[in-house]
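Both backbone and side-chain heavy atoms feed into the values below; hydrogens, waters and symmetry mates do not.
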Amino acid sequence: MKKPPVTYFLLTFLFLVPSLFSCGDKETQKTDNQTNSPIVHTLIFIDKTASVDVKKAFVAQKYQQTLTSIIEQNFRKAGDTFEIYYIHENTSKGRTLSLTCRTEMEDTEGVNATDMEAIKTAYDLSIRKERNFVIQQSLNRLKTQNDNASNLETNITASIPVIARLAESPGITKVYYLSDMVESVKNGRDFQVSPPKDEAQAEEWAKVDAEKLKNYQLNGPDISMILPFEPTSSSKENNPTVTYYWQKLFEQLGVMNVTEM
């Protein structure tokens, strides 16, 4: 598949990131409708295998900005949840962070303008404190190095049962992969050795693998794949057939919105 020109990726990175996550550094975010909005469950998978180097300047900056933006947008009110799992040989057991927002927006019905301002100010201060804590904890997890033998396999498929369990909860589920999405397991797909040769084969493999996972219907969460590749990376490094495979697999399992960045 012909790769789009470099300018395409540059424009995508400049314009798509703000639209997906919004600029979260605004202290005066809208608070009026937080009480009645659905709970948001945020699930992040961070690749801790040998193929993703989070110390590389481009990767570190992209992933730090991404984590901060996700938290600013999704961690908004009491009940919102935030979890991080590591992707490695034992991904399904890789949970490393689980937090629930406790900040509540007081009922503002019938209050005067002065009290309204005080309520909003108290909310903004409290949610800012919680977000800063979540951001710091998340960045600590991002920077953690995995020097164990578990970094030799990349079991992304094992994340699917985790998503399925969370998607059963009331509210909105948003899933983010900070990974190159290169599955590499001994008893499954190994895209390092044998990636799909084209989109047709990627879709065929996705259908075959989705049949094995048919018990895990994902109930329509939003899924974003945030890749660690620079805009100038070659198709050998950033193989488009690999991400196409995941798009088709997620679609087969009930996901309506899959975004690649």
Practice task
Could you check Tyr86 against Thr91 for side chain to side chain contact (heavy atoms under 4.5 Å, CB included), going step by step and ending with a plain yes or no?
Solution key: CA-CA 6 Å; Tyr86 287 154; Thr91 300; over 6 Å; no
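- Atom CG of residue Leu97 and atom CZ of residue Arg141 lie 4.5 Å apart, to the nearest 0.5 angstrom.
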Exercise for the section: Run the numbers on Thr243 and Glu260 for side-chain hydrogen bond (donor to acceptor under 3.5 Å, both in side chains), then give the verdict. Expected result: CA-CA 8 Å; Thr243 48; Glu260 174 190 339; 3.3 Å; yes
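- In this structure a side-chain-to-backbone donor-acceptor pair under 3.5 Å is present from Ser169 to Leu166.
- In this structure, CG in Leu249 is found 11.0 Å from NZ in Lys212, a value given to the nearest 0.5 Å.
- For the 3.5 Å distance criterion, the side chains of Asn140 and Gln136 qualify, holding a donor opposite an acceptor.
- For Phe58 and Phe229, the ring centers are positioned 6.0 Å apart or more.
- The neighbour count for Glu104 CD, taken as heavy atoms of other residues, nucleotides or ligands under 6.0 Å away, does not exceed 12.
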Handout entry: Criterion side-chain hydrogen bond (donor to acceptor under 3.5 Å, both in side chains) on Thr81 and His41, from CA distance to verdict
Key = CA-CA 5 Å; Thr81 66; His41 303 290; 2.8 Å; yes
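- Within 6.0 Å of atom CG in Asn112, more than 12 heavy atoms from other residues, nucleotides or ligands are found, so the atom counts as buried in its surroundings.
- Among pairs with a residue in residues 155-165, those fulfilling side chain to side chain donor-acceptor pair (under 3.5 Å) read Thr157-Glu183, Ser159-Tyr177, at least two apart in sequence or across chains.
- Using modelled atom types, no side-chain atom of Asn151 and backbone atom of Ala50 make a donor-acceptor pair closer than 3.5 Å.
- Contact between Asn257 and Thr259 at its shortest, heavy atoms only, is OD1-OG1, 3.7 Å.
- In plain terms, the two heavy atoms of Leu227 and Lys62 that are nearest each other are O-NZ, 2.7 Å.
- Under the 3.5 Å distance criterion, with hydrogens and angles disregarded, no donor-acceptor pair is assigned to the side chains of Ser51 and Asp47.
- Between the side chains of Thr154 and Ser184, no donor-acceptor pair of N or O atoms lies under 3.5 Å.
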Exercise for the section: For Lys120 and Glu117, run salt bridge (Lys or Arg N to Asp or Glu O under 4.0 Å): C-alpha distance rounded to whole Å, both residues' side-chain angles, the deciding distance at 0.1 Å, then the answer. Expected result: CA-CA 5 Å; Lys120 289 185 177 181; Glu117 187 64 28; over 6 Å; no
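- Applying the 6.0 Å contact sphere to CD of Gln145 captures more than 12 heavy atoms from other residues, nucleotides or ligands.
- The nearest pair of heavy atoms linking Val162 to Ala158 is CG2-O, 3.9 Å.
- Within the 4.5 Å cutoff, side-chain heavy atoms of Asp209 are placed close to those of Tyr245.
- In this pair, Phe45 and Tyr85 present their aromatic rings tilted. The plane angle is within the 30 to 60° band.
- Annotation for Glu199 and Thr241: closest pair N-CG2, 4.2 Å, computed over non-hydrogen atoms.
- Of all heavy-atom pairs spanning Lys174 and Val40, the tightest one is CD-CG1, 4.3 Å.
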Exercise for the section: Could you walk me through whether Asn239 and Ser235 pass side-chain hydrogen bond (donor to acceptor under 3.5 Å, both in side chains), step by step? Expected result: CA-CA 5 Å; Asn239 189 338; Ser235 59; over 6 Å; no
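- Across all non-hydrogen atoms, the minimal contact from Ile160 to Leu213 is CD1-CD1, 3.6 Å.
- Gln252 contributes no side-chain N or O that, together with a main-chain N or O of Lys248, makes up a donor-acceptor pair within less than 3.5 Å.
- Atom OG1 of Thr68 is separated from atom CG of Leu139 by 5.0 Å, given to the nearest 0.5 angstrom.
- Under the 3.5 Å distance criterion, the side-chain polar atoms of Lys186 are left unmatched by any main-chain donor or acceptor of Glu153.
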Exercise for the section: Verify salt bridge (Lys or Arg N to Asp or Glu O under 4.0 Å) between Lys207 and Glu204, making sure each step is shown before the conclusion. Expected result: CA-CA 5 Å; Lys207 289 179 179 178; Glu204 178 186 349; over 6 Å; no
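- Between Ile84 and Ile46, the closest side-chain pair of non-hydrogen atoms falls below 4.5 Å.
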